[in-house]
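Atoms within each ligand, like the ligands themselves, are counted from 1 in listed order. Each residue takes its place number in the sequence, starting with 1.
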Amino acid sequence: MNVKQAEKRVTELRNLINKHNYQYYVLDDPVVPDAEYDRLMSELVQLEEEYPELIASDSPTQRVGAKPLSEFKEIKHTVPMLSLGNAFNEEEMQAFNKRISEKLGTDEVIYSAETKLDGLAVSIIYKEGKLFVAATRGDGNVGEDITLNVRTIQSVPLVLLGNDMPEYLEVRGEVFMTHKGFEVLNKKQKEKEEKLFANPRNAAAGSLRQLDARLTAERPLSFYAYGVGEYKGKVKLQKHIQTLDLLKKWGLPVAPETSEVNGLNACFDYYKRIGERRNHLAYEIDGVVFKVNDLDQQQELGFVSRAPRWAIAYKFPPVEEITQLLDIEIQVGRTGALTPVARLAPVKVAGVTITNATLHNLDEIKRKDVRIGDWVYIRRAGDVIPEVVRVIKEKRGKVIKFEMPSECPVCGSDVERIDGEAVYRCMGGLSCSAQNIQSIIHFASRKAMNIDGLGEKLIIQLIESNLVNNVADLYQLKHEQLAELDRMGTKSAENILQALNKSRSTTFERFIYALGIREVGEATARSLARHFKALEKLQYAQAEELETISDIGPIVAHNIYSFFQQKHNLEIIQRLLDAKITWDDIDVDDLSNEYAGMSFVLTGSLQSMSREEAKQKLLNLGAKVSGSVSRNTSYLVYGENPGSKFDKASALNIPTITEDAFLEMIGESK
Ligand code: I6G
């Protein structure tokens, strides 16, 4: 065979293999036995070995890259990846349907109906039909570049099929693991004496975020597409179901249970039908998703905060099972709160084996009259911690009453219950190793300083080997100290130092959140950052000033005030600043009042920033941003291809301004 002939055969083989993948993953209708597929694959591998000049990155042999990454790059989503609003009962579904019918002025809305897989949302971009980049959802605006990992998922095509494929296609969908895949993976993990995954979702998440994509390739991941982000193509997308059909035609798998339903009653029928089949599906779902099928209508409906107004996830009720409560143990949290945890005889709830469940606090134990040895109902909903629902009193035999300890089971300090609070707390503060560990875990966590790779196990190792005693010590770590730790090595030590270094440049709100002040979550940290803008101002704030900030009441104000009164905390903060932790000044300028009370609508594609960025700027200026035009809209800012919102604004005589005029208005023109 000469090169010309080899090239022809290689093309033939690639087309055949892609077609068989399509038959298998998209149509669920394989036309050749596995052995024949394997034979085609090995013939292709052999030819590419013989003629390396014929190797192409989109060849089905090239799914797995060779080199591990040192970190995931950030990817900015041009169209934000939003979340979905939820409905938990028929009334909430009725309200959703009513809102839509009223806004659209129609009695019967046509919806698409899909299963809601319990996986991870990803975005995959195809340019000229070739897989170009894939990213996680991240915070909705910025995700992580997981292209190499997604390429290893067999059901994700590396090249699109068909003739009318788009110039640019951003597919959105869910990466997940089937029940079967999950069982096989955990069996292998057990054999290798490696950590077992708690459920298919965690297994899928852990598998997808591997810096070494060769590991991802060994994990049984699947993918179903559920929508489109950015799109440039000849075929005009008019309906959601039509879009899904097109995706299938282009070789992308779509959940087979997808269908079109007319009106609310048909939604209820679909929900019931899928609910009955739920336990027989190959993968875990936690509800169904309804979307307005007509894309123009979707556009008209717009968005509310972070979710489309035209879609909803109708969740299934949590699944319950019966098991025996073997013991009650105490966990000590970051703020010293003692949480009683039920140790259970292992029981499968919706396909996942449960051995622990939260009992919340002593009041809950008393209210439910839970005793050690009781038979209990356990409930698990989605990814939340399982809980003990109720006791089966009729089955009660010999049981022991639970008592809250008067000393912390970890450090021996006194345990107190503060008046008006349900929780008991260890008074040991950071001298309690449990609280100390949890506070460092919190500091390093994704939403705080986001120190990649610094998880619970490593933190415990660092504390036990006396390298770290508090969060400021993290930034003093040396390469040789890290590299000498068990299961570490040079490369991992380097990665941790890099991650620490990266975390030095953060935002003020993340820093405040990372400090772990009691009851200061992300939202409160953001309000504090916006209000004070500078650390010194926050540090010296009196409780009265803190209470003037919306959402901060007397208890939280007191927590913040007393946090900054502790000499120990101030020392740690100073050491963190000395370690060159920095953030940019808050982008809230003095114009805040000028824009307060104004409402903006953004439409079309903006050139100098994404709509999400424009929205953030407006929010920082104190303005409101709405997804739809109404009489209350102050301005409509439009970019390219503005759509029906522009027409509506013009009809209502609402000022419409270009992106440039908008930039000028907020003082950012070039
Ligand atoms: O998280 C999601 C799961 C399933 C979705 C979704 C979906 O459709 C079946 N659809 C949208 C539009 C979004 N999230 C934002």
In the protein, which heavy atom is nearest to [atom], and how far is it?
atom	value
atom 11 (C) of ligand 1	Leu84 CD2, 3.6 Å
atom 9 (C) of ligand 1	Glu114 OE1, 3.1 Å
atom 10 (N) of ligand 1	Lys291 NZ, 3.0 Å
atom 3 (C) of ligand 1	Tyr226 CE2, 3.6 Å
atom 15 (C) of ligand 1	Leu82 O, 3.3 Å

Cationic N near anionic O, under 4.0 Å, Lys239 to Asp245: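 Between Asp245 and Lys239 there is no salt bridge, as every charged N stays at least 4.0 Å from the carboxylate O atoms.
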
Derivation of the salt bridge (charged side-chain N to carboxylate O under 4.0 Å, His left out) call for Glu257 and Arg273: CA-CA 10 Å; Glu257 293 76 21; Arg273 214 167 50 241; over 6 Å; no

Region of Met81 engaging ligand 1 - heavy atom pairs below 4.0 Å: neither

Mode of Gln298 contact toward ligand 1 - side chain, backbone, both, neither (heavy atoms, under 4.0 Å):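 Contact part for Gln298 vs ligand 1: neither.
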
Heteroatom distance test (Ser83, ligand 1): nitrogen or oxygen, under 3.5 angstrom: no

Taking [X] for its side chain and [Y] for its backbone only, find out whether a donor-acceptor pair lies under 3.5 Å.
X	Y	answer
Arg611	Gly604	yes
His77	Thr136	yes
Gln210	Gly206	yes

Tyr513 ring center within less than 6.0 Å of His442 ring center: yes

Phe182 ring center within less than 6.0 Å of Phe197 ring center: no

Ligand-residue contact atoms, ligand 1 with Arg137, heavy atoms, under 4.0 Å: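 So the answer, numbered in order with elements, is 1 (O).
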
